[in-house]
Amino acid sequence: MDILIESTKDFEKDLEQFTDTEKFRIIKEMNRNFELISSENNSFYEHSEQLRNIKLNHDYDSTIYCLKINEQQRIILTIDDDPIFGCILITLFRIVNHENAQKAYNAVAEMIYQDFTVEENQDIEIPCC
């Protein structure tokens, strides 16, 4: 299945704070992880976490993840299957330090799910992020 990657202006702004060498390392690590999505065992999810237990109305599931890039950086992203076009859509929202991951995750969740009713909205503790 093809993977389509989109980035938001906030993500692009976050990425601009890094040197070219750091950007190269971040993008290389992202791509390595994204290749895992289409692998047979789908081991991408071993490197990412959902930082909140979000249940949406109409049996929709949250698709927001926090991807660990290295000890300091985390990427807040969504992963959505697009059956019409036969691809996986990854949207990059933020790249933040691990200390700010929970706050950025919550902000993205509130922004993208503002038109949904959230049935359960609890923070959960994730030690890696």
J.: If you measure from CE on M30 to CD1 on I90, what distance do you get to the nearest 0.5 Å?
T.: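 The CD1 atom of I90 is 9.0 Å from CE of M30, to the nearest 0.5 Å.
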J.: Could you state the interatomic distance from CZ (F11) to CD (E16), rounded to the nearest 0.5 Å?
T.: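 Here the interatomic distance stands at 10.5 Å.
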J.: Evaluate the side-chain proximity of D14 to I75: yes if any heavy-atom separation is below 4.5 Å, no if none is.
T.: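 Heavy-atom side-chain distance check fails, nothing below 4.5 Å.
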J.: My understanding is that only one of N31, I88, T91 makes a side-chain contact (heavy atoms from CB on, under 4.5 Å) with I5; could you say which?
T.: N31
J.: Please report the interatomic distance CZ(F34) to CG(L92), rounded to the nearest 0.5 Å.
T.: 5.0 Å
J.: Determine yes or no for a side-chain-to-main-chain donor-acceptor pair under 3.5 angstrom, with S7 supplying the side chain and F93 the backbone.
T.: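 Looks like no, no N/O pair under 3.5 Å.
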J.: Using 0.5 Å steps for rounding, measure from the CD1 atom of I79 to the CD1 atom of I37.
T.: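 Spacing of CD1 (I79) from CD1 (I37) equals 4.0 Å.
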J.: So which atom in A101 and which in I76 form the shortest heavy-atom distance, rounded to 0.1 Å?
T.: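 That closest heavy-atom pairing would be O-CD1, 3.9 Å.
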J.: Just checking, is any N or O donor in the side chain of N33 or E29 under 3.5 Å from an acceptor N or O on the other one?
T.: yes
J.: Are Q73 and F18 side-chain neighbours, meaning at least one heavy-atom pair lies under 4.5 Å?
T.: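 They are in side-chain contact.
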J.: Rounded at 0.5 Å granularity, tell me how far NZ in K28 sits from CD1 in I26.
T.: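 These two atoms lie 13.5 Å from each other.
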J.: How many angstroms lie between CG in N97 and CD in Q17, if you round to the nearest 0.5 Å?
T.: 8.5 Å
J.: Are E99 and Q72 packed together at the side-chain level, in the sense that at least one heavy-atom pair is separated by less than 4.5 angstrom?
T.: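 Yes - at least one pair of side-chain heavy atoms lies under 4.5 Å apart.
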J.: If you link I, L, V, M, F, W and Y whenever their side-chain heavy atoms are under 4.5 Å apart, who else ends up in the same group as L4?
T.: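 Besides L4, the cluster holds L89.
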J.: Using the rule that Ile, Leu, Val, Met, Phe, Trp and Tyr join whenever any side-chain heavy atoms are under 4.5 Å apart, tell me whether Y65 and V96 fall into a single cluster.
T.: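 Not linked; separate clusters.
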J.: Answer yes or no: does atom NZ of K23 have more than 12 heavy-atom neighbours from other residues, nucleotides or ligands under 6.0 Å?
T.: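 Yes, the 6.0 Å shell around NZ holds more than 12 heavy atoms from other groups.
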J.: May I ask whether F24 and I95 are part of the same hydrophobic cluster, defined by side-chain heavy atoms of I, L, V, M, F, W, Y residues being less than 4.5 angstrom apart, directly or through others?
T.: no
